[in-house]
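Everything on this sheet refers to the single structure shown next.
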Amino acid sequence: MTLILDPDEPGGWREPAGQAATDEAPRVSEHLLDGLNPQQRAAVEYRGPALLIVAGAGSGKTRVLTHRVASLIETKEAWPSQILAITFTNKAAAEMRERVEALLGEASGGMWISTFHSACVRILRREAEAIGLSKAFTIYDSADQRVILKRIIKDTSADTLGFTPAGAAAKISKLKNELADVESYARNANLDDPQEAMFLDIFRQYTRRLRDASALDFDDLIAETVYLFRAFPKVAALYQRRFRHILVDEYQDTNHAQYALIRELTRPVEPDVVAELETHGVRMRVLADDDGRIPGASLTVVGDSDQSIYAFRGADIRNIVEFERDYPGAKVVLLEQNYRSTQNILSAANAVIANNFDRKDKKLWTADGDGAKIVGYTGYSAHDEAQFIADEIDALHRSGVAYRDIAVFYRTNAQTRALEEIFVRSALPYRVVGGTKFYERAEIKDAMAYLIAVANPLDELALRRILNTPKRGIGPATETQLANFADENGMTFREAMRVASGLGLGPKVTAAITALAELLDEAAELADPAREGGPTKVADVLLHLMAGSGLLDTLRNSRDPQDETRAENVEELVAQTRDFDRENPGATLLDFLTQVSLVAAADEIDDESGTVSLMTLHTAKGLEYHAVFLTGIEEGLLPHQMSATEPGGPAEERRLFYVGITRARRRLYLSLAMSRAQFGEVSVAMPSRYLQEIPDELIDWRQSPGDATSRGGTRPRALNARQSREQQRRDRFSVASATKAKTEWTNRVTANVRDNGDLELEAGDRIRHADFGEGRVTQVTGIGAKRVAHVSFDTAGQKKLLIKIAPIEKLATP
DNA sequence: AAATTCCGTATTTTT
DNA sequence: TACGGAATTT
């Protein structure tokens, strides 16, 4: 086996100064401890093999982590290259690097700060050959996974046994997160059960197809790295030697595979391995103790079991609960003081989470005061709820809160629809974070498949995707013939394409296949990292492919009006590759593909943007905003219907609610709707059980669930029972206004967008709005399709309306 | 092989 | 509703 010397250390080993110089822990300088509370200080200063920081929401853990890393470097206990910090998103990683560098006042190159997945890709690309994998392996996302599973299920008629691509994918993912592979599953499976036998077949075929394509799915990235380390102790030793300080954030959301990876990385290097690597020219002994062994790296984990929300993807809360058992002698530091939210918000959070049994009691507190009350609102429909949110955001904005300091959270992505409709009408600048992502659009996947096919010629999935995109007259029959030919002759699909002329296909089809194969070969030459003068820029490779394939032109010249947008999207992709080339000089096509595969939803957030952020509660983890709107707090949505049957489901949903609440710094809004359109039809929604868990006096109900239902009589008993006398009086009093509100607000907002064309409006004009009644235009801003009328309505107050689509008509000119 | 139409089913959360 | 897949036509 050939050992690769760590390329990050071109100068060979550097003596870690200070470490051996004295027995005492070096003093951490005052500027790194300034302004920290005693617990935070302890977490920064502690030195030992293992440290668990139990960090409540908003307790300054990022600060503690960055100061801890900076202190290790400043005291020369560690070189930057000896530090590995695992964060939850790439954005958090970038932020951490920046903050460490700001503290040290110097660049800290060589530090690995990244997500689990990015770190594993980096290791796997470097060591790919050891496990018989191409360096250029493709990373398959869940959509790719689905395509493959769909084919397998179809081929094997597994659907007759009730298998679906989604179901099989979930099961495979679960197994991989437990570090099970086909062999170990086969050993434990009961093959007399046709279900299990069939699943084993699916699992085996799936594994083979990925291997044949030199592709890994998300779960493989972690699992394969663990296998690599276990199978090749000498390879593992290179990383065990290198990383002396490992820090893991959001430890409560690690799954078993990630846990195992950390265990492997913190293992000591045994004397025989030390000795052998030394003979290979790797400097190991400098780090070895008297017995000739390199002690395990020091491990710091940060987490909060109350914020564990990823059990569905294998996160195991035991990793944090049993940390002290796994790492004997571990020091535990508790951070409970909150520096983010008002006491009212924290009291609500504490009250909610206290209902989860089986947890260590922990109470967040702040020295900052109560702050404003939480605002509650019950809408009649999702649109009504959205309108309330839009109005409140507008009010907040007027009072000086920047749009980027405001976020709207929801449980499911489907909830964005109503919010977006209203936000567009209200001319609120917003951005949906995550959700249907840019890279998931068909035309972008097509263009990306060209790049993937160039980077990894073994990837049959990518090849098949572009084989007839754009249309070249290569249908399924031809595709099957090619695949069979490749199979029979022991060649890859790509090689079969190159020799297509020998297949006896029609001249037109043959020419199309050969042309595509040549185009890909040309592009591969351009993108070759070993190319004289360096590889061609990613943008130029993509442009070459687009020009050669005609993909972009086909979209541009299409009669289908939607293709215009698709062409623009592809052009946007080209622009993104240009940005990538500019920001990452010398980076390869593979680097680009990796980066695209591993972007997390939260990575897309632009702190400088002037927009309100919309995202799921899961995406919101780790973020904070001045004002937070938690929407759809209804039974069936939060807790979600699907969670009811899962063991531990309702408790996890409660934690999700808790995470949402604790994102808010100063203002928190809880809203729900009494009816929600589910799949076509409208159904009645009930307030979430979690709402009752918040003490009445913390919430100022603008329209309580009682108000909203008093007419229909479907008022939930549970909420009713807990209402204060004052609340009840208010309810009785507000029947009239609720009735009025109903006529005023009933969901008359139509789903189809109207077009007012070139309706001309100017200040002073009188208009009539379908929902808001009559009003006077006070101002017109914006241009073209984005012209906005500021209207002072006679009864509904101030609104901003997008002139092009608002349901308005012009009355008389004064 | 491509375009069109119709029907059935699906919706939790994500790297 | 909206999307994907199958059947049907061009």
Side-chain angles (χ1 to χ4, degrees), chain A residues 86-92 114-121 139-143 145-147 150 154 159 164-167 169-170 173 176-177 216-223 250 253-255 257-258 308-315 409-418 433-437 439-440 442 468-479 506 508-509 512 558-560 594-603 615-621 632 636-646 649 652-653 655-657 659-660 676-682 751-752:
Chain A
I86 302 286
T87 56
F88 208 66
T89 63
N90 298 299
K91 184 163 177 272
S114 73
T115 63
F116 268 109
H117 291 88
S118 302
C120 287
V121 170
I139 301 164
Y140 279 179
D141 65 16
S142 19
Q145 236 177 343
R146 252 208 341 267
V147 171
K150 198 183 283 170
K154 205 175 169 189
D159 49 334
T164 62
S173 171
K176 288 185 177 177
N177 286 331
L216 300 176
D217 63 27
F218 284 126
D219 302 316
D220 285 333
L221 296 177
I222 315 290
E250 307 284 6
D253 280 324
T254 51
N255 59 36
Q258 291 165 334
S308 165
I309 55 173
Y310 279 105
F312 73 90
R313 69 174 201 210
F409 302 154
Y410 36 81
R411 177 69 236 268
T412 67
N413 285 303
Q415 289 168 254
T416 53
R417 208 156 295 166
V433 180
T436 15
K437 282 183 244 149
Y439 286 96
E440 281 166 15
N468 199 31
T469 313
K471 303 265 180 283
R472 306 187 166 88
I474 307 173
T478 313
E479 187 182 325
K508 261 177 120 172
V509 178
S558 157
R559 279 180 290 113
D560 186 341
T594 304
Q595 185 183 301
V596 169
S597 301
L598 298 180
V599 284
D603 294 339
M615 68 190 84
T616 64
L617 284 164
H618 284 90
T619 304
K621 190 171 82 153
L637 217 44
L638 189 75
H640 195 275
Q641 210 112 49
M642 293 295 161
S643 72
T645 51
E646 309 248 329
E652 173 143 325
E653 298 283 306
R655 289 194 292 270
L656 204 46
F657 188 41
V659 165
R676 198 167 284 274
Q678 261 189 328
F679 36 126
E681 261 327 280
V682 183
N752 47 347

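Below, read A as the first sequence line, B as the second, and so on, with proteins coming before strands; counting in each chain starts at 1.
The side chain of A/N413 contributes an N or O atom lying less than 4.0 Å from OP1 or OP2 of B/dT14. A sub-4.0 Å separation between OP1 or OP2 of B/dA1 and a side-chain N or O of A/N468 is absent. At B/dT14, one or more side-chain N or O atoms of A/T616 fall inside 4.0 Å of OP1 or OP2 (strictly under the cut-off). Residue A/S118 places none of its side-chain N or O atoms closer than 4.0 Å to OP1 or OP2 of B/dT15. Regarding contacts with the backbone of B/dT13, every side-chain N or O of A/S643 stays at 4.0 angstrom or more from both OP1 and OP2.
Ring pair A/H618/A/F312: centre-to-centre distance below 6.0 Å. Aromatic pair A/F88/A/Y310: ring centres closer than 6.0 Å.
With rounding to whole Å, A/Q641 atom CD is found 14 Å from B/dT13 atom P. Remark: C1' of B/dT12 and OH of A/Y410 are 13 Å apart, rounded to the nearest angstrom. Going from atom CZ of A/R676 over to atom C1' of C/dT1 covers 16 Å, rounded to whole Å. Regarding A/L598, its CG atom lies at a distance of 13 Å from the C1' atom of B/dT14, rounded to whole Å. Here B/dA1 presents its C1' atom at 9 Å from NZ of A/K471, a figure rounded to the nearest Å. Distance CG (A/N90) to P (B/dT15): 10 Å, rounded to an integer number of Å. Regarding A/E652, its CD atom lies at a distance of 12 Å from the C1' atom of B/dT14, rounded to whole Å. Between the P atom of B/dT15 and the CZ atom of A/F312 lies a distance of 9 Å, rounded to the nearest Å.
Positionally, the nearest nucleotide of DNA chain B for A/H640 lies more toward the 5' end than for the other of A/F218 and A/H640. In terms of position on DNA chain B, the residue among A/T412 and A/G475 whose nearest nucleotide sits closer to the 5' end is A/G475.
Checked by atom type and distance alone, the side chain of A/E652 never pairs as donor or acceptor with a backbone atom of A/G649 at under 3.5 Å. With hydrogens and angles disregarded, a donor-acceptor distance shorter than 3.5 Å links the side chain of A/N468 to the backbone of A/I474.
Looking at the side chain of A/T478, the nearest of the listed nucleotides B/dT15, B/dA1, B/dT12 is B/dA1. Listed candidates were B/dA1, B/dT13, B/dT15. Nearest to the side chain of A/R313 is B/dT15.
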For this session: Tell me, with the steps shown, if A/S118 and A/T115 meet side chain to side chain donor-acceptor pair (under 3.5 Å).
Result: CA-CA 5 Å; A/S118 302; A/T115 63; 2.9 Å; yes
Problem set entry | A/F409 and A/T616: CA distance, side-chain angles, deciding distance, side chain to side chain contact (heavy atoms under 4.5 Å, CB included) verdict | CA-CA 5 Å; A/F409 302 154; A/T616 64; over 6 Å; no
Exercise. A/H640 and A/L656: side chain to side chain contact (heavy atoms under 4.5 Å, CB included), yes or no, with the steps?
Worked result: CA-CA 11 Å; A/H640 195 275; A/L656 204 46; over 6 Å; no
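Nucleotide B/dT13 forms a pair with no other nucleotide shown, judged by Watson-Crick or G-U wobble geometry with both contacts under 3.5 Å.
Nucleic acid contact for A/Y310: sugar-phosphate only, since backbone atoms but no base atoms lie under 4.0 Å from a heavy atom of the residue. The residue A/T619 sits close only to the backbone: its heavy atoms come under 4.0 Å of sugar-phosphate atoms, none of a base.
Legend: residues meeting side chain to side chain donor-acceptor pair (under 3.5 Å) with A/R313, ordered by chain and number and at least two apart, are absent.
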Collect all protein-nucleotide pairs involving nucleotides 4-10 of chain C in which both atoms are nitrogen or oxygen and the distance is under 3.5 Å.
{"unit_1": "C/dG5", "atom_1": "OP1", "unit_2": "A/K150", "atom_2": "NZ", "d": "2.3"}

